[in-house]
Amino acid sequence: MKKTALVIITMLAFISHGQEKSDWENLIVNNSLEGWHFFQDDGTKKGWVVENSILIFNGISDMETRKGDASLVSDKEYENFEIKFDWKIEPGGNSGFIWGVSEDKKYKYPYQTGQEIQILDHAIYDDPKNAQGPEIEMKNAMEDLEARKRFVGALYDMSAPSVLDAAKPADEWNSYHIKIDYENNRGEVTLNNVLINSFPLSGAEWDAMYLESKFSRSEDYPYLGEERWKGFAKYQKGHISFQDHPGRVSFKNIWIKELKN
């Protein structure tokens, strides 16, 4: 009888493990951009390719060309989820992972609606003049040398990481595990197996972070158009995105799991 019970427990554990594993979805399919598209794609945007199941931005960013944002966004929309991926940035480069993105034509950029987890060559903070792209990229780092709200792993301009030495240098692979859970009002960023950031997604604490950030200054940033930041963080369910920004950046092993509450 004990042997039978042990066999049943083992089988249940195996089935449970298999179900847990199957909850994760691979976002690089058939070594292609299947499941992804360019932000507000008009057929002219380019810069993203997949090579050997590695997603690569090797184009010139909109910040430099002004030909329209070419961030890559998912076909599917997500709300509560965990995502894991490896990323590698070239020296001086800058990118980001964004969620809650709306493609309404009144917005020009994914970051007008979505919140961003920063991806960056952290050596920029040692010497900001090495930042790729226009002068604004150097200025962003110089203004943030103390607060670190635009550093690797930051909830961009809102929540600084609590650990500043978890990232590997440019041209080396790093691993993110990001959790966005509106049901429990918590976002988390784990970098290379170290929890470096935890923040609320709504409520008084989130409001305080928002009011101290650039996103509360809707009268500024005229290049964003009339909407400015009016839609920022207003879409709990939205597309996820990898950012069009200066510098070559690569992503691999991209897996997502929708949370069931």
From CG (D244) to NZ (K46), nearest 0.5 Å: 13.0 Å
Looking at E219, I'd like to know if its CD atom is crowded, meaning that more than 12 non-hydrogen atoms belonging to other residues, nucleotides or ligands lie closer than 6.0 Å. yes
I60, CD1: over 12 other non-hydrogen atoms inside 6.0 angstrom: no
Testing the basics here: between I136 and M63, what is the closest heavy-atom pair and its distance to 0.1 Å? CG2-CE, 3.4 Å
Without swapping roles, check the side chain of S162 against the backbone of N197 for a donor-acceptor pair under 3.5 Å. no
Between W173 and S250, is there a donor-acceptor pair closer than 3.5 Å when you use the side chain of the first and the backbone of the second? no
State yes or no: are the ring centers of F85 and F97 separated by less than 6.0 Å? yes
Test item: N80 side-chain N/O and Y182 main-chain N/O as donor-acceptor pair under 3.5 Å: yes
Is the backbone N or O of E258 less than 3.5 Å from a side-chain atom of Y78, with the two atoms forming a donor-acceptor pair by type? no
Are D171 and K88 close enough for a salt bridge, meaning some N to O gap below 4.0 Å? no
For F199 versus M209, what's the shortest heavy-atom pair and its separation? CB-CE, 4.3 Å
Are Y176 and F251 side-chain neighbours, meaning at least one heavy-atom pair lies under 4.5 Å? no
Exceeds 12 heavy-atom contacts within 6.0 angstrom, atom CG of D75: yes
Using a 6.0 Å cut-off, check whether atom CG of D42 has over 12 heavy atoms from anything other than its own residue. yes
Quick one, Q40 and D69 - any side-chain contact, counting heavy atoms below 4.5 Å? no
Less than 4.5 Å apart, side chain to side chain, heavy atoms only: is that true for Q132 and E64? no
Does K139, at its NZ atom, have more than 12 non-hydrogen atoms belonging to other residues, nucleotides or ligands within less than 6.0 Å? no
Taking the six-membered ring where the residue is Trp, are the ring centres of F242 and W36 under 6.0 Å apart? yes
Taking all heavy atoms of E82 and all of L259, pick out the closest pair and write down the distance. OE2-CD2, 3.5 Å
Can D62 and R66 be counted as an ion pair, charged N to O under 4.0 angstrom? yes
Heavy-atom count check: over 12 atoms from other residues, nucleotides or ligands less than 6.0 Å from E172 CD? yes
With a 4.5 Å cut-off on side-chain heavy atoms, are Y107 and S102 touching? yes
Check whether any side-chain N or O of E137 sits under 3.5 Å from a backbone N or O of P134 as a donor-acceptor pair, and report yes or no. no
Assess whether side chain to side chain contact (heavy atoms under 4.5 Å, CB included) is satisfied between W229 and K214, documenting all intermediate values. CA-CA 9 Å; W229 304 114; K214 70 177 187 179; 3.8 Å; yes
Measure from the side-chain N and O atoms of N185 to the backbone N and O of S202, and report whether any donor-acceptor pair falls under 3.5 Å. yes
For residues W99 and I83, determine if any side-chain heavy atom of one lies less than 4.5 Å from a side-chain heavy atom of the other. no
Give a yes or no on whether the backbone of D220 and the side-chain of R228 come within a donor-acceptor separation of less than 3.5 Å. yes
Measure across R248 and N58 and return the closest heavy-atom pair with its distance rounded to 0.1 Å. NH1-CB, 3.6 Å
Any sub-3.5 Å donor-acceptor pair from E90's side-chain atoms to A170's backbone N or O? no
Side chain D127, main chain N130, donor-acceptor under 3.5 Å: no
Using a 4.5 Å cut-off on heavy atoms from C-beta on, say whether the side chain of I256 contacts that of I240. yes
What distance separates Y125 OH from L120 CG, expressed to the nearest 0.5 Å? 6.5 Å
Which heavy atom of E103 sits nearest to which heavy atom of F38, and what is that distance? OE2-O, 3.9 Å
Measure the shortest side-chain to side-chain distance between S159 and K149 over non-hydrogen atoms and say whether it is less than 4.5 angstrom. no
Any sub-3.5 Å donor-acceptor pair from S53's side-chain atoms to N31's backbone N or O? no
Straight-line distance of I89 CD1 to D121 CG, nearest 0.5 Å: 7.5 Å
